[in-house]
Amino acid sequence: MSDYKTEMQNCMETLKRGGLILYPTDTVWGIGCDATNADAVEKVYALKKRKESQALICLVSDYKMLNQFVEDVPEVAYDILKYANKPTTIIYDDPIRVAENLIADDNSLAIRVSKDKFSNELVKRFRKPIVSTSANISGEKTPKSFAEISPEILKGVDYVVNLQRSKQSGKPSAIIKLTNDGKVTVIRK
């Protein structure tokens, strides 16, 4: 079993060169890449066979990083995140400094502050948001464990993290859309 530090280093190198990683997150196993690299984001869409109109989620390490990639974070977002009792992704209006092909047609972006030790530290060290989308082909069932990830996904990424492989994944995150005009919509509980 390789060690935590080695896994972190291998992920960093892969992300920096525009590659895709398969990594454990605070919810399910995720396919990740540099959220500021349009070519890397394109590879994720291609691997998942997903239309670009179906936006992807990004992970950030904390509120400070969140504020660097969203023009204006609504105050209510902090309350939602503070009191959430499970991983919660918020869709924000007016994302900035991320790859254009990551931004939805309505100029929004789904972002989660990761609470998982490994994914949070990875994002913190990388200093940029990392894409986090479930490790499956679009339309197929989300794998509940590493063992359920399809060979096509495993072969399609540049690096697979060798940690937490026996752990059952959590559920996908709750998703809430916050618009700048104060409207709050629950997309997924």
Side-chain angles (χ1 to χ4, degrees), residues 1-48 50 56-69 81-82 84-90 97-99 102 109-137 140-174:
M1 173 101 176
S2 77
D3 69 346
Y4 188 87
K5 213 170 133 185
T6 305
E7 293 302 320
M8 191 63 65
Q9 190 56 45
N10 292 341
C11 283
M12 292 289 289
E13 288 168 10
T14 305
L15 291 168
K16 284 178 182 169
R17 67 170 186 266
L20 305 187
I21 61 170
L22 183 63
Y23 67 120
T25 72
D26 51 346
T27 56
V28 297
W29 273 82
I31 299 169
C33 72
D34 177 350
T36 66
N37 179 332
D39 292 337
V41 171
E42 179 54 45
K43 289 181 202 171
V44 174
Y45 283 119
L47 177 59
K48 283 186 66 86
R50 187 171 174 148
L56 302 169
I57 293 172
C58 289
L59 298 183
V60 294
S61 58
D62 52 32
Y63 296 159
K64 184 178 174 207
M65 184 183 273
L66 174 64
N67 279 288
Q68 292 171 337
F69 293 93
L81 294 172
K82 183 176 171 184
N85 57 2
K86 69 183 214 173
T88 301
T89 301
I90 297 181
R97 294 192 271 283
V98 294
L102 201 53
L109 179 62
I111 301 176
R112 185 166 74 250
V113 178
S114 176
K115 301 279 193 260
D116 170 76
K117 182 181 182 227
F118 182 81
S119 59
N120 183 277
E121 188 175 331
L122 180 61
V123 176
K124 197 174 281 179
R125 285 189 184 189
F126 193 57
R127 295 194 172 123
K128 291 188 262 185
I130 296 175
V131 166
S132 178
T133 181
S134 56
N136 60 317
I137 303 296
E140 290 181 5
K141 218 171 80 192
T142 301
K144 288 184 175 47
S145 67
F146 181 81
E148 290 182 15
I149 299 169
S150 76
E152 188 176 353
I153 294 291
L154 291 168
K155 283 188 210 115
V157 297
D158 300 295
Y159 187 73
V160 179
V161 173
N162 191 19
L163 295 170
Q164 301 177 32
R165 289 196 178 178
S166 58
K167 186 183 123 196
Q168 287 292 311
S169 295
K171 291 184 167 73
S173 68

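We number each residue from 1, following the sequence as shown. Side chains included, hydrogens not; waters and symmetry mates left out as well; all remaining heavy atoms used.
- Between the side chains of Ser114 and Asp116, no donor-acceptor pair of N or O atoms lies under 3.5 Å.
- To the nearest 0.5 Å, atom NZ of residue Lys5 and atom CG of residue Asn10 are 12.5 Å apart.
- How far CE of Met8 is from CG of Leu122: 5.5 Å, rounded to the nearest 0.5 Å.
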So Gln164 and Tyr23, side-chain hydrogen bond (donor to acceptor under 3.5 Å, both in side chains) or not? Walk me through it. CA-CA 9 Å; Gln164 301 177 32; Tyr23 67 120; over 6 Å; no
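- Contact check for Lys141 versus Asn136: no side-chain heavy atoms found under the 4.5 Å cut-off.
- Heavy-atom minimum distance, Ala110 versus Thr89: CB-CG2, 3.7 Å.
- In this structure, CD on Glu7 lies 3.0 Å from OH on Tyr159, to the nearest 0.5 angstrom.
- Residues satisfying the side chain to side chain donor-acceptor pair (under 3.5 Å) criterion with Asp26, sequence neighbours excluded, are Arg112.
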Would Leu109 and Phe69 satisfy side-chain contact (heavy atoms from CB on, under 4.5 Å), going step by step from the backbone distance to the final call? CA-CA 10 Å; Leu109 179 62; Phe69 293 93; 5.9 Å; no
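- Nearest heavy atom pair, residue Thr36 against residue Lys128, reads OG1-CD, 3.4 Å.
- Across all their heavy atoms, Leu59 and Ser132 have their closest contact at CG-CB, 3.6 Å.
- Within 6.0 Å of the NZ atom in Lys86, the count of heavy atoms belonging to other residues, nucleotides or ligands exceeds 12.
- Closest heavy-atom contact between Ser61 and Asn120: O-ND2, 2.9 Å.
- To the nearest 0.5 Å, the span separating CG on Asn37 from CD on Glu42 amounts to 11.0 Å.
- When side chains are defined from C-beta on, Ser134 counts as touching Lys48, because their heavy atoms get closer than 4.5 Å.
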Side-chain donor-acceptor contacts of residues 142-150 below 3.5 Å, not counting sequence neighbours, with atom names and distances?
from	atom 1	to	atom 2	distance (Å)
Glu148	OE1	Lys144	N	2.9
Ser150	OG	Ile153	N	3.3

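- When each of Lys124, Lys117, Arg125 is checked for a salt bridge (Lys or Arg N to Asp or Glu O under 4.0 Å) with Glu121, only Arg125 meets the rule.
- Within the model, atoms CD1 of Ile130 and CD1 of Ile31 stand 14.0 Å from one another, a figure rounded to the nearest 0.5 Å.
- For the pair Leu20 and Gly156, the tightest heavy-atom approach, listed with the atom from each and the gap, is CD1-O, 4.0 Å.
- What you find for Cys58 and Ala35 is that their closest heavy atoms are SG-CB, 3.7 Å.
- Considering CZ of Phe118 and CG of Leu163, their distance stands at 5.5 Å, rounded to 0.5 Å.
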